[in-house]
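All remarks here apply to the structure that follows.
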Amino acid sequence: MARRPLPRILSSGTASLARGRDFARTAADSATDVLHPLLVIGRGLRILASAGRRKWAETPKDKRGPALFLAAACVLVVALVPYGPLLALITLMAAAAWQGRDRSPVKTGPSDAETERLGSLYEALVPYFSIPEDPNPLFAHGGDWDQAFSGYEFDEAGRVTRLRIRYPAYFTDGEAPSRARIESLLHAKSGRGREYRFDWDEEGNQLDLSVLAALPTGIAAQPFVTSPGETVLGFTDAGGVQRTLPVVEGDEPRDVPPVIWRTGPRSTEPHLLAVGQPSSGTSTLLRSIALQALRHGGDVLVVEGGGTGEYACLSGRTGVLAVECGPTGALATLEWAAHETERRLIAGHRARETGRPAPEDTRRPLWILLDQPSVLAHLAVAEGHPDPLGQLQVPLRHGRAAHITVVVAEQFDHLELLNDAVWQHTRARVVLGPAAIQQIADVLGLPPHTTPPAQVPPGRGYARLGTGPVHRLQVPATPDPYDDATPAAHRQAVLELLPARRASGAGDHLTPGKPLPGHQPPAQAQAPAMDSAEIPEVPAEAP
């Protein structure tokens, strides 16, 4: 049963209440700033009154009479002196302001525990940042760490969260093994279980260590504010990119920095390779890319080697040409993709020769998504068929000019089965899931500047576009909407992004936007036979 929308007075009342709370909070902060002197004087008067009552209680009874007489005489003298009451009032207010001032201690340096921790870090770095020939070593056993460490910050537990280290100029900071030894040592001595970022300044001989906050994992698939040709791979740290996207996490809007992958004829990274362990989120990444491509009017071909039916939700949808799970269907699909690439190149070349714009069907983006193609290659060889990956050479080499994009997702254990064309032309790389630093460097070409997290959520990894830097990455949650083991809110978000189902008998020509002739997706790849209007709404989880 579909949910009924809330009445307008209730749906708009929440925003009014929120605005009212913000206004009240702002007014209270402004009033506190204006009345701060009065609050300080009032607190001082209360302290003086308490001190007077305590002094009166401590005075013996036989001395209270003379004390009262002396106080009355002082009051009389002040009253008779010119401007005496005014000066007395000013003196009283000054004393109250002095007594009511903020007396919280100002931290001017590290505590004893923090000093001991900095000293242990300094002693641990001595063997790496010193040589016997140095007449005035910056790092020496029993030396002063103040000359080497600056900009240090600590958390509530006393662990380092930020530290700037100055090291000698003769340290081989240009060699990756030397830097890796320092990073590993600092990771162990500063506390495991956190992600650290290391920024090396070779020119200034400085190393900045900082603790990174966890990337958001609750951002589900949604219509991202991007232009055609831009694909959101995931989200990263604020300092890594110069752009933010408005998203909704749960029910709260926020701006997050994205990792944008740009495709098209002018792209320098026209194809992508995603590598990970099982259940690391590579299929989630491919579903996210497919939904964004369909939203911008592209056509999608899906070849699934795992045979788990994780892309069944795309079968029969408008813009999805085919979803193949078997070696025979995959071979036919990739053969059609190779011929389609050649057709687009020829049509575009003839149009340029005659001075006309390229035909519309040659400029429509075509996305070829392959999930674990090595499994299909193994099955094809076992059945005596040619390797389907051999048909990828034409789309990989000439896909950029033909508006064709290839995305390959594979596991670490089967990387050796990928041919050279895949490695050569997939200049955009993504590594998801738990992996060693060397494994990440082998795929991306560079090791990350951060330590791997202790707990790796699905869709968490690293991305590198071409020759750019390595970014931390969290893929937006895009689960299989037919998988009941995933959160209901995320499944509902995917269902809302799926295009309508394609009408039966929509044509049988080899043109984009129409199904491939001669073969249909296998049974395990078929989605449940229901119209989009009949898809039940996923019930919300209980709070």
Side-chain angles (χ1 to χ4, degrees), residues 227-231 233 260-275 282 285-286 288-305 319-324 330-352 357-371 373-374 376-377 386-410 418-430 463-467 510-514 516:
S227 59
E230 293 183 342
T231 303
L233 298 180
I260 300 293
W261 174 38
R262 294 174 175 84
T263 57
R266 291 179 175 84
S267 173
T268 58
E269 304 88 21
H271 310 295
L272 182 138
L273 173 64
V275 183
T282 54
L285 176 61
L286 262 63
S288 176
I289 293 175
L291 292 177
Q292 295 181 63
L294 293 172
R295 177 174 172 266
H296 288 301
D299 293 321
V300 175
L301 281 172
V302 180
V303 177
E304 181 188 0
V320 180
L321 303 185
V323 178
E324 296 292 346
L331 179 61
T333 299
L334 296 180
E335 285 181 354
W336 178 88
H339 293 311
E340 174 66 13
T341 304
E342 296 172 351
R343 184 193 70 83
R344 291 189 176 202
L345 292 175
I346 294 174
H349 179 67
R350 290 177 178 174
R352 287 191 295 271
E360 179 66 25
D361 60 348
T362 64
R363 291 185 282 114
R364 184 181 178 90
L366 174 61
W367 294 74
I368 305 174
L369 310 181
L370 297 95
D371 192 357
S374 60
L376 294 178
D387 185 1
L389 291 178
Q391 301 294 330
L392 272 181
Q393 295 189 12
V394 176
L396 285 173
R397 292 177 179 175
H398 308 290
R400 181 174 60 178
H403 297 270
I404 295 177
T405 303
V406 179
V407 181
V408 180
E410 193 52 84
L418 298 180
N419 53 31
D420 294 339
V422 174
W423 287 103
Q424 181 178 359
H425 296 283
T426 52
R427 294 174 51 82
R429 304 283 178 86
V430 173
R464 188 187 184 202
L465 304 179
T467 58
L510 288 175
T511 57
K514 298 181 179 180
L516 299 178

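- The structure places CG of Leu301 at 5.5 Å from CH2 of Trp336, a figure rounded to the nearest 0.5 Å.
- The only member of Arg400, Arg262, Arg427, His425 that meets side chain to side chain contact (heavy atoms under 4.5 Å, CB included) when paired with Glu269 is Arg427.
- For the pair Thr405/Pro365, no side-chain contact is recorded, criterion being any heavy-atom separation below 4.5 Å from C-beta on.
- Side-chain contact between Leu273 and Trp423 is present, with at least one heavy-atom pair separated by less than 4.5 Å.
- Atoms OG1 and CD, on Thr426 and Glu410 in that order, are 12.0 Å from each other to the nearest 0.5 Å.
- Within the 4.5 Å cutoff, the side chain of Val407 has heavy atoms near those of the Trp261 side chain.
- Rounded to the nearest 0.5 Å, atoms CD (Glu304) and CG (Leu376) are 9.0 Å apart.
- In this structure, Asn419 contributes its side chain and Leu389 its backbone to a donor-acceptor pair below 3.5 Å.
- In this structure, Thr362 and His403 have side chains that are not in contact, with every pair of non-hydrogen atoms separated by 4.5 Å or more.
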- Message: Assess the residue pair Glu340 and Arg344 against the criterion (salt bridge (Lys or Arg N to Asp or Glu O under 4.0 Å)); give the C-alpha distance rounded to whole Å, side-chain angles, the decisive distance to 0.1 Å, and a yes or no.
- Response: CA-CA 6 Å; Glu340 174 66 13; Arg344 291 189 176 202; 2.9 Å; yes
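- Side-chain contact between Leu233 and Leu272 is present, with at least one heavy-atom pair separated by less than 4.5 Å.
- Atom CG of residue Asp361 and atom CG of residue Leu366 lie 11.5 Å apart, to the nearest 0.5 angstrom.
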